[in-house]
Number of protein chains: 2
Amino acid sequence: MQNFKMTIQYDGTNYHGWQVQANGRTVQGELTRVLSMLDHRHVTVYGAGRTDAGVHAEGQVANFFAERSFDACRLRDAINANLDRDIRVLNIQSAPPEFNSRHSARQKTYRYRIWTADVVNPFIYRFVHHFRGELDVSEMVRAGSVLIGTHDFSAFTVANSEAEDHVRTLTRLDISRDTNEISIVVAANGFLRYMVRTIVGTLIEVGRGKRTAASVSEALESCNRSNAGPSAPANGLTLVRVDY
Amino acid sequence: MQNFKMTIQYDGTNYHGWQVQANGRTVQGELTRVLSMLDHRHVTVYGAGRTDAGVHAEGQVANFFAERSFDACRLRDAINANLDRDIRVLNIQSAPPEFNSRHSARQKTYRYRIWTADVVNPFIYRFVHHFRGELDVSEMVRAGSVLIGTHDFSAFTVANSEAEDHVRTLTRLDISRDTNEISIVVAANGFLRYMVRTIVGTLIEVGRGKRTAASVSEALESCNRSNAGPSAPANGLTLVRVDY
């Protein structure tokens, strides 16, 4: 059995997220279908992060074990030939048996795009959250800075989170503004469910003047989901990269 | 009656081109439907260029006359609210009665994108033609340069073209290479049917070494469609702008 590591991109618009579901097309489901067909048996695909429905990936990482002997480049082309064009395997390489895309991950980076112009152009609407109105970016930056570091992020995940441990280390939270777009890049050693989207939704409330920067710090300390803002929509979010 | 000029963007993937058809969804058809609904009568929409099925636009221009009195910004929002998100009206402004988006146009600019990496990423596949292989860009530049200027472009349009006059003035033909992409930008006072795609298809043959740069000049002079190369696929083509 050979362990393979692959880097995957997808437009999540038409998928019910990463994880295999009984009903509904998922990215893991599509990859499992194709790899099982190619390896003539059921192949389990391990993903680095379970992106939610509608979330995209520029650099999702997954691994799987194959019984047949494959040339990595040819295998990549064979997989792509059997996938819709909104999922692409960028590259595949052999990995040591102990490599696990999820447990071996050191850091994940996400980007959230907020489009602030009056009209969303048809080439990007799938990938941005449209917020038509003024956002005070410097207040958002100030509010966001308190989240950097090692904290219990219970306030920024679902109330009934299955994760045992809610402590994560946020290593980066960069907010930048282009003419029509605000981009929020966050990196951490791991993310809780809805964590990025809840951080973004809370920061948007700050940007709108609906809450103070100090209230973000208070929400964090409270460890209480009801003190943070709403989750921002899925379609603005992209998993940019996973570092090992 | 007020004449309005509007700038429109669309992802042409899911449309049978610009022009209204008896069967099949078209961009002009969608705009006609929405404007007729808003103006309570049949509205005729005049487009600057009839893009073919699958061709995109970043800056298509159209005009129409409205009987009701509309605020331009509100009208734009009302139109967009009734269109699918793959067509957007970027802006609308009042125009003098004699303005006609097609006849008043001085120059049109198109871009053709050729993607040369092994894998096409899922965020751009709708907008690029995938050509996996080596293309000699400097030969393409040399071959393309002979097309600049005022010529009879009969060899670069459909054999049974309805246009009476096949003489056009090509003011620009720029070929540039990025890491994974070759971009061909052409501008002219007007384009014949399939003209950009036939120019690109012919230049791709030059890039592949299947024809010489000199043969492009010969094809042009022959005024014979059979001497040019095949038309490149529609999805790589975008109408970038129309100048007045």
Write out all pairs satisfying salt bridge (charged side-chain N to carboxylate O under 4.0 Å, His left out) with one or both partners inside residues 57-74 of chain A, taking only residues at least two apart or from two chains. Glu58(A)-Arg111(A)
Chain B heavy atoms under 4.5 Å from Asn121(A): which part of the residue, side chain, backbone, both or neither?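 Both parts, backbone and side chain.
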At a 4.5 Å cut-off on heavy atoms, which part of Asp84(A) comes close to chain B: side chain, backbone, both, or neither? neither
Counting only non-hydrogen atoms closer than 4.5 Å, does [X] touch chain A with its backbone (N, CA, C, O), its side chain (CB onward), both, or neither?
{"X": "Asn80(B)", "answer": "side chain"}
{"X": "Ile87(B)", "answer": "backbone"}
{"X": "Tyr10(B)", "answer": "backbone"}

Inspect the contact between [Y] and [X] and indicate whether a charged nitrogen and a carboxylate oxygen are less than 4.0 angstrom apart.
{"X": "Arg132(B)", "Y": "Asp77(A)", "result": "yes"}
{"X": "Glu205(B)", "Y": "Arg208(B)", "result": "no"}
{"X": "Asp52(B)", "Y": "Arg193(B)", "result": "yes"}

Checking side-chain contact (heavy atoms from CB on, under 4.5 Å) for the pair Glu30(B)/Asp86(B): CA distance, chi angles, key distance, verdict? CA-CA 11 Å; Glu30(B) 286 298 291; Asp86(B) 52 6; over 6 Å; no
Asn14(A)/Arg25(A) under side-chain contact (heavy atoms from CB on, under 4.5 Å): CA gap, chis, key distance, verdict: CA-CA 8 Å; Asn14(A) 298 322; Arg25(A) 207 156 145 264; 4.3 Å; yes
Which residues, numbered in order, of residues 172-188 of chain B come under 4.5 angstrom of chain A by heavy-atom distance?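 Within residues 172-188 of chain B, near chain A: nothing under 4.5 Å.
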Taking 4.5 Å as the heavy-atom cut-off, does anything in residues 40-48 of chain B contact chain A, and if so which residues? none
Rounded distance (nearest 0.5 Å) linking atom [atom1] of [X] with atom [atom2] of [Y]:
{"X": "Arg33(A)", "Y": "Asn82(A)", "atom1": "CZ", "atom2": "CG", "answer": "6.5 Å"}
{"X": "Lys5(A)", "Y": "Asn91(A)", "atom1": "NZ", "atom2": "CG", "answer": "8.0 Å"}
{"X": "Arg197(B)", "Y": "Asn235(B)", "atom1": "CZ", "atom2": "CG", "answer": "9.0 Å"}

So, using salt bridge (charged side-chain N to carboxylate O under 4.0 Å, His left out) as the criterion, who are the partners of Arg76(B) when residues are at least two apart? Asp118(A)
Would you say Glu98(B) has more than 12 foreign heavy atoms packed within less than 6.0 Å of its CD?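 Count over threshold, so yes.
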Gln9(B) backbone acceptor or donor facing His56(B) side chain under 3.5 Å: no
